[in-house]
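The next block holds one structure in the form of structure tokens; read it before the comments.
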Amino acid sequence: MREEVATLHERMSRGGDWRAFRDEIAELHAQDNTEEEYVELLKAHFNLMLLIDQVFDGETATKLHQIVLSEYLLFLNKEALQGGELINPVVLERITRREVEAGRLDPDSEARKLAVAGASVLGDSSRHDRSDGRNAVGGGATLGLIVGVILKFVIAGATWWIVGKAIVIGALIGLFFELLPRLFRVAR
């Protein structure tokens, strides 16, 4: 663990500027971290959140609680990023479960419920990851868009619904081609 993360709790226990510690936590969180470092930073951030009512007046504290909660959820989403671009729903579910178990996240919070639902509906996005950022579903939908727009202008009396239908059909064809290798693997 990097020294600035490992010593953060000890330095915070000596007191200091609440805002400076908050800025340091955000800056450290923005860097590449191990899971252990992310957890330590989240613990420190949670401890700062607990101090808000002691450090600030009532009106400021109310506003800061909302800001700090939003920042906390942003930290969780950042930790769940896959390749620095997309949130992996399965990883986010695991992270929110860890946070619930640690007592930093309410098990009935919207964030937790959405993470669980996202993981069950969307699954592990790393299975669909491609190094060039493309997949057959997206490619099929794009091709459907192109074909749909062409048909819209070629077929007399065609409405824009034809474009939507072409996108859906293209995405379904793309999904078929994406699942095709898995079907043959299972059949063997």
Side-chain angles (χ1 to χ4, degrees), residues 1-2 4-6 8-9 21-50 52 63-145 164 167-183 185:
M1 184 180 308
R2 291 177 311 186
E4 55 268 355
V5 176
L8 185 59
H9 287 289
F21 282 124
R22 185 245 148 245
D23 290 346
E24 182 180 358
I25 291 167
E27 183 179 312
L28 289 170
H29 201 281
Q31 300 171 11
D32 288 332
N33 294 298
T34 64
E35 183 174 1
E36 181 184 22
E37 289 170 334
Y38 277 127
V39 169
E40 286 303 309
L41 292 169
L42 291 170
K43 285 179 189 176
H45 190 265
F46 185 75
N47 289 338
L48 277 182
M49 186 176 65
L50 294 175
I52 289 174
K63 291 177 184 175
L64 276 176
H65 276 294
Q66 294 170 347
I67 293 168
V68 171
L69 176 61
S70 296
E71 185 174 52
Y72 169 73
L73 297 174
L74 176 69
F75 288 163
L76 299 184
N77 286 328
K78 188 214 179 265
E79 187 180 348
L81 283 178
Q82 175 182 320
E85 294 179 10
L86 299 173
I87 293 173
N88 185 326
V90 171
V91 174
L92 184 59
E93 187 282 325
R94 182 184 51 78
I95 290 168
T96 59
R97 183 174 358 107
R98 176 196 71 205
E99 292 300 298
V100 166
E101 290 169 359
R104 292 185 290 269
L105 183 64
D106 181 354
D108 295 323
S109 69
E110 284 299 308
R112 175 65 183 149
K113 290 176 185 176
L114 289 171
V116 170
S120 67
V121 172
L122 301 173
D124 188 352
S125 61
S126 66
R127 296 180 311 154
H128 309 294
D129 188 36
R130 300 223 177 161
S131 59
D132 61 3
R134 295 180 293 159
N135 65 38
V137 176
T142 303
L143 185 59
L145 173 68
I167 292 171
V168 170
I169 291 169
L172 290 173
I173 292 170
L175 178 63
F176 171 76
F177 281 108
E178 191 149 308
L179 295 175
L180 196 60
R182 291 185 215 166
L183 294 173
R185 245 191 327 235

NE2 of His65 to CG of Leu50: how many Å apart, nearest 0.5 Å? 8.5 Å
List for me each residue that meets salt bridge (charged side-chain N to carboxylate O under 4.0 Å, His left out) alongside Glu24, sequence neighbours excluded, and say none if there are none. Arg11
Would you sort out whether Arg104 and Val39 count as a side chain to side chain contact (heavy atoms under 4.5 Å, CB included), showing the intermediate values? CA-CA 11 Å; Arg104 292 185 290 269; Val39 169; 3.9 Å; yes
Euclidean distance, Glu99 CD relative to Leu73 CG, rounded to 0.5 Å: 10.0 Å
Give, for atom CG of Asp108 and atom CD of Glu110, the distance between the pair rounded to the nearest 0.5 Å. 9.5 Å
Nearest atoms (heavy-atom pairs only) where Pro89 meets Ala119: O-CB, 3.6 Å
Among residues at least two apart in sequence or on other chains, which ones pass salt bridge (charged side-chain N to carboxylate O under 4.0 Å, His left out) with Lys63? Glu59
Partners meeting ring pair (Phe, Tyr, Trp, His ring centres under 6.0 Å) with His29 (sequence neighbours left out): Tyr38, Phe75
Sorted by chain and number, sequence neighbours left out, salt bridge (charged side-chain N to carboxylate O under 4.0 Å, His left out) with Glu4 holds for Arg2
State, yes or no, whether a side-chain contact exists between Leu48 and Ile25 at a heavy-atom distance under 4.5 Å. yes
Are Arg98 and Leu42 packed together at the side-chain level, in the sense that at least one heavy-atom pair is separated by less than 4.5 angstrom? yes
Please list all pairs meeting side-chain hydrogen bond (donor to acceptor under 3.5 Å, both in side chains) that have one or both residues in residues 112-121, counting only residues at least two apart or in different chains. Glu93-Arg112, Thr96-Arg112
Does the pair Lys43/Glu40 count as a salt bridge with the N-to-O cut at 4.0 Å? yes
dist Glu37:CD -> Gln31:CD (nearest 0.5 Å) comes out at 9.0 Å
Using the salt bridge (charged side-chain N to carboxylate O under 4.0 Å, His left out) criterion, which residues pair with Asp23? Sequence neighbours excluded. Arg19
Say you draw a straight line from NZ of Lys78 to CD1 of Ile95; how long is it, rounded to the nearest 0.5 Å? 10.5 Å
Asn77 CG to Ile87 CD1 distance, which is reported to the nearest 0.5 Å: 3.5 Å
